[in-house]
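Notes to accompany the following structure.
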2 protein chains.
Amino acid sequence: MLNQPAALDLTFHALADPTRRAIVERLSHSPASVSDLARPLAMSLPAVMQHLALLEASGLVVSEKTGRVRTCRIEPLAMRQAEEWIQARRREWVARLDRLGAYLNELQGKGGGDGPHE
Amino acid sequence: MLNQPAALDLTFHALADPTRRAIVERLSHSPASVSDLARPLAMSLPAVMQHLALLEASGLVVSEKTGRVRTCRIEPLAMRQAEEWIQARRREWVARLDRLGAYLNELQGKGGGDGPHE
DNA sequence: GTGATACTGAAGGATATGCTTAACCAACCA
DNA sequence: TGGTTGGTTAAGCATATCCTTCAGTATCAC
């Protein structure tokens, strides 16, 4: 519970970069090696490595080295937590709009005007 | 590579900071003035203003000034787009796991073994 | 062995980020 | 009128981010 905010920091920051999102998109389709990931990316291999290190630190990606090839794959849990944070916010403002609607409903009912229309 | 991805860049980057997520959480509950938002935040008012500017640039928050008070409220669309990007990734890897499962099923069916257990 | 492939580590530089303080303007209020 | 409240601007500073190049190490093919 204490590190939950820091985990979201890392996850959202990882997703804030287009290169890293491209890597996540690629890995959502299938696992891939580091050079597979680097090939379409218009930057040096060390740069891709640094993006991957950040993706691993955030928990979005896991990797395993076999021989000289490191195979990267997606780890869904981190992205799930980010999604749940967003959904929790939506539940809050939906609930607020519901309360507002109920209040306006009640006002119109007491005022004897037309019935609410929604 | 400048428009649509840039919107996600801004949204995820805005959500990567705990102060800005706290502001979004606060505004998900109800609209608030700038100083309402700043009061619990242990930093100067200009710092809060800079976070708000970034939240507005990302489209997560909108504000309106009446008299000398600026009232901020949440704008759900930006967060919705971020959520949809995450959901699209999940659809991809779920589809991949389904294909893998079907493949393993077929292998086991031909081999005459037990079904998969998950 | 030799050479190519796949990755890793270290150092550095340009720019971005997250805060600060100081000064300022624009409503309200007594 | 003068003072307080709410917000805004500008400048500056420490650190973080994103990329580079150069120099490795470890594995594989022959």
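All chains are named by letter (A, B, ...) in the order of the sequence lines, taking the proteins before the strands, and each is independently numbered beginning at 1.
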Requested in this report: Would you please test B/Arg26 and B/Ser30 for side-chain hydrogen bond (donor to acceptor under 3.5 Å, both in side chains) and show each step?
Outcome: CA-CA 7 Å; B/Arg26 169 67 182 81; B/Ser30 72; 3.1 Å; yes
**Report entry** Nearest-Å distance for atom pair CG/C1', residues B/Leu52 and D/dT8
**Finding:** 12 Å
**Report entry** Candidate nucleotides C/dT8, C/dG18, D/dA10, ranked by approach to the side chain of B/Leu54 - the nearest
**Finding:** C/dG18
Query raised in the report: In whole angstroms, how far is the P atom of C/dC7 from the NE2 atom of A/His51?
Result: 16 Å
Requested in this report: Take B/Glu56 and B/Ser63 through the test side-chain hydrogen bond (donor to acceptor under 3.5 Å, both in side chains) and record every step on the way to the result.
Outcome: CA-CA 8 Å; B/Glu56 290 211 52; B/Ser63 72; 2.7 Å; yes
Query - Polar side-chain atom of B/Arg21 near backbone of B/Leu15 as donor-acceptor pair, under 3.5 Å - result: yes
Query raised in the report: Who passes side-chain contact (heavy atoms from CB on, under 4.5 Å) against A/His51, sequence neighbours left out?
Result: A/Asp17, A/Thr19, A/Arg20, A/Ile23, A/Met43
Query raised in the report: At under 4.0 Å, does any side-chain N or O of A/Ser44 touch on OP1 or OP2 of D/dT20?
Result: yes
**Report entry** Co-membership, hydrophobic cluster, residues A/Val69 and A/Val48, 4.5 Å side-chain
**Finding:** no
Query raised in the report: Side-chain donor or acceptor of B/Gln50 under 3.5 Å from a matching atom on the base of D/dT8?
Result: no
Report task. May I have the distance from A/Leu45 (atom CG) to D/dT25 (atom P), rounded to whole angstrom? Result -> 18 Å
Query raised in the report: Is there a residue in residues 32-40 of chain A whose heavy atoms reach under 4.0 Å of DNA chain C, and which residues are they?
Result: A/Ser33, A/Val34, A/Ser35
List every contact pair, protein side and nucleotides 27-30 of chain C side both N or O, where the distance is under 3.5 Å.
from	atom 1	to	atom 2	distance (Å)
C/dA27	N3	B/Arg68	NH1	3.1

Report task. For B/Ser33 and B/Asp36, indicate whether the former's side chain and the latter's backbone hold a donor-acceptor pair under 3.5 Å. Result -> yes
Query raised in the report: Between A/Trp93 and A/Arg90, is there a cation-pi geometry (under 6.0 Å to ring centre, at most 45° from the normal)?
Result: no
Query raised in the report: Salt-bridged, B/Glu92 to B/Arg96, with N to O below 4.0 Å?
Result: no
Query raised in the report: From D/dT20, C/dT8, D/dT17, pick the nucleotide closest to the side chain of A/Arg70?
Result: C/dT8
Query - Atom pair CD/CE of B/Glu83 and B/Met79 - distance to nearest 0.5 Å - result: 8.0 Å
Report summary line: Rounded to whole Å, the CE-P distance (B/Met49 to C/dT17) equals 18 Å
Query raised in the report: Which nucleotide sits closest to the side chain of B/Val69: D/dG7, D/dC18, D/dC19?
Result: D/dG7
